[in-house]
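For the single chain, residues carry numbers from 1 onward in sequence order. Quick caveat: nothing in here was measured; it's all calculated off a predicted structure.
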Amino acid sequence: MFLLDYVVTPRLPPAFHVMLPEGATVLVRHVVKADGPRLQEGFRMLSSLARRKHFPGEVQELGAEQLRLLEEVDQKNYVIWGAMNPSRPDEPGIGIARYRRIEHEPDAADVVITILDRYQGTGAGLILHACLHVTARDNGIRHFYYDVGSENERFIRHLKNLGAEHVGRVVGVTRLKLPVYPRALSVPKYSASGWKLAQALRKLTAVRAAPAGAAAG
């Protein structure tokens with residue numbers, strides 16, 4: 001990669017392959033309504049601890065009401081990126097990252113990132129997070145909000161190391177606000193978290209559209 005990768009804003013196709021830091025190649029693509037069964041199966045595979053970290057409360061199953069929200073995904077105001085392991089077609093996926101524009105604050109969006117337990121620490125979450133930043137910039141979003149289970153100290157620390165500020169708290173949930181970083185140069189790189197997100201954004205500058213068959217189902 002070259003210095004130019006730091007200043008260029010990636011242009012993402014709807015589906016593409018990318019290599020994770022440990023060397024595995026994954027398929028990243030838009031999540032659509034037809035992926036509902038995959039999301040349900042993936043949610044069942046999360047540990048109870050992971051569910052509490054990402055979904056504060058007692059959510060045990062993705063029901064019809066949650067899946068109905070997929071009908072509102074337009075990849076502009078409501079965006080979902082998903083990652084899959086092509087070498088494990090039996091798995092529902094690696095994880096998802098989504099943002100949803102806030103109606104009363106149209107230049108901001110709420111973000112949720114969920115990665116299956118076995119893929120924690122592989123860099124898949126960073127790639128999906130970077131995809132959200134790139135897409136948000138293209139759609140006029142300048143800030144992200146995250147509602148994080150207060151026990152998820154690792155992710156809270158990660159966001160703060162990226163420059164997030166604490167903006168609120170209710171019982172068991174911490175709310176943070178982070179600027180959107182559309183390119184590697186815009187990420188504060190004074191921490192390991194910043195450096196890793198910058199490298200993920202650099203990697204996205206080189207992706208090419210996956211063949212139509214690779215993005216199916």
Side-chain angles (χ1 to χ4, degrees), residues 10 12-75 78-100 111-135 146 148-149 151-152 154-155 158 196-197 199-201 203-204 206-217:
L12 301 181
F16 58 89
H17 289 96
V18 66
M19 184 178 292
L20 300 181
E22 90 238 350
T25 297
V26 299
L27 172 67
V28 177
R29 66 171 175 84
H30 287 157
V31 171
V32 296
K33 182 181 178 181
D35 291 311
R38 284 185 178 275
L39 297 183
Q40 281 185 312
E41 184 181 351
F43 191 80
R44 294 188 193 106
M45 293 174 66
L46 290 174
S47 66
S48 57
L49 176 60
R51 291 178 189 175
R52 290 198 303 272
K53 284 182 176 181
H54 296 286
F55 301 89
E58 299 297 328
V59 179
Q60 299 296 325
E61 181 83 15
L62 291 183
E65 184 176 349
Q66 287 90 358
L67 294 178
R68 197 174 297 118
L69 293 174
L70 290 174
E71 298 176 4
E72 301 176 21
V73 174
D74 59 4
Q75 306 302 351
Y78 190 7
V79 170
I80 307 180
W81 285 99
M84 302 170 61
N85 185 344
S87 68
R88 292 181 176 270
D90 54 313
E91 291 183 347
I94 292 172
I96 64 169
R98 65 91 164 159
Y99 79 65
R100 189 165 190 170
V111 169
V112 175
I113 302 170
T114 307
I115 304 297
L116 288 184
D117 297 51
R118 70 176 298 161
Y119 291 102
Q120 293 287 334
T122 63
L126 276 167
I127 290 292
L128 290 173
H129 198 186
C131 288
L132 289 187
H133 281 266
V134 173
T135 310
Y146 306 75
V148 186
E151 65 189 70
N152 195 353
R154 181 177 179 181
F155 190 53
H158 170 72
K196 289 177 180 178
L197 181 59
Q199 298 314 303
L201 285 162
K203 188 168 289 190
L204 292 181
V207 300
R208 298 292 181 269

A.B. asks: Which pair of non-hydrogen atoms, one from Ile94 and one from Ala124, has the smallest distance, and what is that distance?
C.D. replies: CG2-CB, 3.6 Å
A.B. asks: Is any side-chain heavy atom of Arg118 closer than 4.5 Å to a side-chain heavy atom of Arg88?
C.D. replies: yes
A.B. asks: Ile127 pairs by side-chain contact (heavy atoms from CB on, under 4.5 Å) with which of Val26, Val207, Val28?
C.D. replies: Val28
A.B. asks: What are the two closest non-hydrogen atoms of Gly93 and Leu116, and how far apart are they?
C.D. replies: O-CD1, 3.0 Å
A.B. asks: Ignoring hydrogens, what is the shortest heavy-atom contact between Leu204 and Ala130? Give both atom names and the distance.
C.D. replies: CD1-CB, 3.6 Å
A.B. asks: Quick check: closest heavy atoms across Tyr78 and Asp74, and the distance to 0.1 Å?
C.D. replies: N-OD1, 2.9 Å
A.B. asks: Could you pull out the closest heavy-atom pair between Thr135 and Gln75, with the gap in Å?
C.D. replies: CG2-O, 4.2 Å
A.B. asks: Side-chain contact, heavy-atom cut-off 4.5 Å: Trp81 with His30?
C.D. replies: yes
A.B. asks: Kindly compute the distance separating NE2 (His129) from CG (Leu126), expressed to the nearest 0.5 Å.
C.D. replies: 8.5 Å
A.B. asks: If you define the side chain from C-beta out and look only at heavy atoms, does anything of Arg29 sit under 4.5 Å from Asp35?
C.D. replies: yes
A.B. asks: Hey, what do you get for CD1 (Ile80) to NZ (Lys33), rounding to the nearest 0.5 Å?
C.D. replies: 13.0 Å
A.B. asks: Nearest 0.5 Å, what's the CG-NZ distance between Leu20 and Lys203?
C.D. replies: 7.0 Å
A.B. asks: Check the orientation of Phe155 and Tyr146. Use parallel for under 30°, tilted for 30 to 60°, and perpendicular for over 60°.
C.D. replies: perpendicular
A.B. asks: Just wondering, do His17 and Pro86 contact through their side chains at under 4.5 Å, heavy atoms?
C.D. replies: yes
A.B. asks: Where the side chain of Glu91 meets the backbone of Met84, is there a donor-acceptor pair that is under 3.5 Å apart?
C.D. replies: no
A.B. asks: Could you walk me through whether Val73 and Val31 pass the side-chain contact (heavy atoms from CB on, under 4.5 Å) test, one step at a time?
C.D. replies: CA-CA 8 Å; Val73 174; Val31 171; over 6 Å; no
